[in-house]
Novice: 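I have a structure I would like to understand better, so I am pasting it below and will then ask my questions one at a time.
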Amino acid sequence: MAEKRAKRRGFWGWFMISVLLAVIVLAIVGQIMVHRAGPILKGRVIETLSTRFRSRVEMDEFHVSLLRGLEVSGEGLRIFAPDEVVAAGATLPVIGIEHFEFHSGLMGLFVKPMHVGTVHVTGLAVNIPPKEMRAKEAASAPRKGKMKIVVDEIVCDDSRLIIGTEKPGKDPKDFELRHIVMREIGPDAPWQYDATLVNAIPKGNIHATGTFGPWVTESPGDSSVTGKYTFDNADLNTIKGIGGMLSSVGEFTGQLDRIAVNGTTETPNFSLDTANHGMPLHTKFAAVVDGTSGDTYLNQVEARLGGTNFMTKGTVISEKGKGHRIELDVDVPHGRIQDFLQLAIKTEPVIMNGSLQMKAKIHIRPGPERVAEKLGLKGDFTVQEIHFSNPAVQDKVDMLSERAQGNPKAAKPGAEDVRSRLAGTFTMDGGKLNFSKLGYVLPGGNIDMEGVYSLDGAQFDFHGKVRMEAKISQMVASRWKSLLLKPVDPFFRKDGSTEIPVKISGTKSEPKFGLDLGHKDKDETKGKSD
């Protein structure tokens with residue numbers, strides 16, 4: 001019995017020694033494999049990338065582990081442009097990667113091409129050289145080598161796309177890409193992508209899906225890109241002077257250098273800080289984005305503000321170190337004046353309602369100031385069927401119309417409402433509307449004026465002339481006053497109508513109407529000197 005136990009102990013002792021020796025041998029073999037696998041796999045990665053991009057590839061660090069299959073990681077990977085593009089001045093890596101890692105089975109060491117499911121990348125930077133530096137000759141001859149690694153999917157976090165430019169007064173375009181997944185990755189076919197981009201102004205995330213490529217090695221900016229996007233809850237308050245939350249959907253196609261975009265936007269509470277009245281704004285647009293300059297060309301925008309439809313087109317031009325300059329042509333064929341007044345002016349309720357026709361040019365210069373301080377306007381407008389929202393103001397207009405028609409007895413509060421017409425030429429700068437030509441027509445007369453109105457409603461200063469059908473003596477209800485005024489009629493009669501100089505001043509919703517005899521004297525003096 002003791003002899004059997006001794007034999008068993010001897011067996012198990014030799015077994016444990018054999019296992020220990022096997023572990024030691026496997027560890028040695030593993031170390032040898034890791035030692036040899038590192039250079040082999042590093043060579044495969046560099047050769048695959050160099051062959052694919054026909055350019056020089058560098059890598060700072062490369063690590064291999066066999067603890068859980070074949071685990072590979074690396075740091076400081078740089079892929080440069082083709083030699084002729086580098087010679088033209090594009091010395092930065094076209095693709096730079098801070099860190100990458102992937103996993104494969106051990107058999108991957110012995111199979112060519114090696115198959116990799118997913119590569120995880122952090123700190124990807126894609127630098128598109130300026131167009132002037134890109135190869136203009138035929139495509140470079142392919143570098144010697146083979147594609148020794150095939151990848152199904154690449155997942156990138158914290159990436160950037162920088163499109164260089166040599167155009168004077170332009171900054172490189174820098175896009176922050178929070179998360180990208182690229183699938184169906186091959187050398188000669190478009191890649192499928194799913195990406196989240198960070199938009200700086202207005203602040204928000206853009207989610208896009210579509211295809212990218214094939215990659216044009218000699219001129220990466222010519223690489224094709226297509227897709228659909230959603231842009232939700234973009235905070236317009238990040239633009240000083242504008243408020244609201246914007247959402248947009250659309251699709252795009254083209255090349256990295258030049259992308260055509262079609263889409264819609266919805267802003268249910270769009271506002272300007274001159275009034276802070278939120279209004280619904282909807283747009284449908286077609287635009288072209290030039291990636292080399294950062295300029296956007298708005299070919300056609302159909303918009304609706306409140307109850308007004310209008311059209312616009314123009315450009316958004318990038319200026320180096322300053323921001324963007326916006327130039328727009330606006331056409332309002334049939335709108336409502338109250339929609340624009342509510343958006344821009346603090347006075348509440350808005351001073352008037354009416355039908356608006358307008359053509360204007362909008363200029364917004366770059367800079368850190370509020371939009372109202374940078375905004376410039378120039379145009380012509382007509383407002384018909386005007387009705388003033390302030391009953392006191394409308395009463396004054398109604399009474400003026402009755403007197404102008406020679407019905408002074410009807411000129412009293414509560415007189416029948418009249419509809420009037422306003423047309424003019426205007427400019428706006430520094431938050432003030434300046435009218436160089438303003439014509440106001442109502443039954444019985446018309447008013448030609450010029451003046452200024454501030455968007456905050458604090459300044460209301462107009463001067464002009466009222467021309468009326470009735471004579472001065474016909475504008476008063478009292479018979480005796482009428483007789484007393486008859487001698488005065490000739491002094492104000494001109495070309496078959498009565499002409500009276502007037503002024504409108506005051507603040508906000510309480511404008512004041514009055515005679516401007518001093519202005520009449522100035523006109524007469526000027527006429528004599530002329």
Side-chain angles (χ1 to χ4, degrees), residues 337-338 341 347-356 382-424 435 437-451 453 457 459-524:
I337 185 63
Q338 57 265 37
L341 293 176
T347 303
E348 194 173 10
V350 293
I351 191 171
M352 68 174 72
N353 299 321
S355 173
L356 171 69
T382 300
V383 184
Q384 301 186 77
E385 297 295 313
I386 294 174
H387 185 268
F388 291 93
S389 56
N390 187 324
V393 175
Q394 183 62 45
D395 267 346
K396 290 178 180 178
V397 171
D398 299 336
M399 290 188 288
L400 176 62
S401 177
E402 293 291 355
R403 292 184 187 278
Q405 296 176 76
N407 302 319
K409 292 183 178 180
K412 55 186 177 180
E416 183 179 352
D417 282 358
V418 298
R419 292 294 188 266
S420 47
R421 176 180 180 272
L422 181 67
F435 297 91
K437 180 182 177 183
L438 194 61
Y440 181 60
V441 180
L442 73 168
N446 62 78
I447 305 173
D448 292 321
M449 308 191 78
E450 60 183 28
Y453 180 72
Q459 184 177 3
F460 200 111
D461 187 15
F462 288 86
H463 298 268
K465 296 177 180 178
V466 178
R467 291 181 177 85
M468 295 174 286
E469 297 173 0
K471 298 177 182 179
I472 294 289
S473 59
Q474 295 172 331
M475 297 181 192
V476 294
S478 170
R479 182 178 178 185
W480 291 106
K481 288 182 180 180
S482 177
L483 290 172
L484 291 173
L485 288 173
K486 279 187 178 292
V488 179
D489 287 341
F491 294 98
F492 292 93
R493 203 67 178 169
K494 186 177 181 180
D495 298 329
S497 63
T498 298
E499 185 177 286
I500 302 175
V502 295
K503 62 181 178 180
I504 305 174
S505 59
T507 60
K508 297 187 177 179
S509 59
E510 293 296 333
K512 297 177 181 179
F513 297 81
L515 293 177
D516 191 17
L517 297 177
H519 194 271
K520 180 180 184 338
D521 294 338
K522 290 178 185 177
D523 286 348
E524 290 177 352

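As the structure is a computational prediction, the values presented were derived from the model and not from experiment.
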Novice: Over 60° means perpendicular and under 30° means parallel, so tell me whether Y440 and F388 are parallel, tilted or perpendicular.
Specialist: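 Ring orientation of Y440 relative to F388: perpendicular.
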Novice: Look only at the side chain of D448 and the backbone of G464, and say whether a donor-acceptor pair between them is shorter than 3.5 Å.
Specialist: no
Novice: Under the criterion side chain to side chain contact (heavy atoms under 4.5 Å, CB included), I'd like the reasoning laid out for M352 against V393: C-alpha separation, chi angles, the key distance, then a yes or no.
Specialist: CA-CA 10 Å; M352 68 174 72; V393 175; over 6 Å; no
Novice: State the CZ-CD distance between F435 and E450, to the nearest 0.5 angstrom.
Specialist: 12.0 Å
Novice: Could you state the interatomic distance from CD (Q394) to CD1 (I351), rounded to the nearest 0.5 Å?
Specialist: 11.0 Å
Novice: R421 side chain to V441 main-chain N or O, any donor-acceptor pair under 3.5 Å?
Specialist: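 Not at all, since once roles are kept as given, no pair shorter than 3.5 Å links the two residues.
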Novice: Looking only at non-hydrogen atoms, find the nearest pair between P443 and A404 and report the distance.
Specialist: O-CB, 4.4 Å
Novice: Using a 3.5 Å distance criterion without hydrogens, assess whether the side chain of S355 forms a donor-acceptor pair with backbone atoms of E385.
Specialist: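 Flag not set: sc S355 to bb E385 has no pair under 3.5 Å.
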Novice: Quick one: closest heavy-atom pair of S497 and R467, and the distance?
Specialist: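 Heavy-atom minimum between the residues: OG-CB, 4.1 Å.
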Novice: Answer yes or no: is there a side-chain heavy-atom contact under 4.5 Å between M475 and L485?
Specialist: no
Novice: May I ask you to decide if G406's main-chain N or O and R403's side chain share a donor-acceptor pair within less than 3.5 Å?
Specialist: no
Novice: Looking only at atom types and distance, does a side-chain atom of T498 sit under 3.5 Å from a main-chain N or O of A470, one as donor and one as acceptor?
Specialist: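 Flag set: sc T498 to bb A470 pair under 3.5 Å.
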Novice: After noting the C-alpha distance and the side-chain angles of I500 and I472, does the key distance pass the side chain to side chain contact (heavy atoms under 4.5 Å, CB included) rule?
Specialist: CA-CA 9 Å; I500 302 175; I472 294 289; 3.4 Å; yes
Novice: With rounding to the nearest 0.5 Å, note down the distance linking CG in N353 to NE2 in H387.
Specialist: 8.0 Å
Novice: Just how far is it from atom CE of M468 to atom CD of E499, taken to the nearest 0.5 Å?
Specialist: 10.0 Å
Novice: Q338 and G354: which non-hydrogen atoms are nearest, and at how many Å?
Specialist: OE1-N, 3.1 Å
Novice: To the nearest 0.5 Å, tell me how far K412 NZ sits from D395 CG.
Specialist: 12.0 Å
Novice: Nearest 0.5 angstrom please: S482 OG to D489 CG, how far?
Specialist: 7.5 Å
Novice: Determine whether V397 and L400 make a side-chain contact, defined as any pair of heavy atoms from C-beta on separated by less than 4.5 Å.
Specialist: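 V397 does not reach L400 side chain to side chain.
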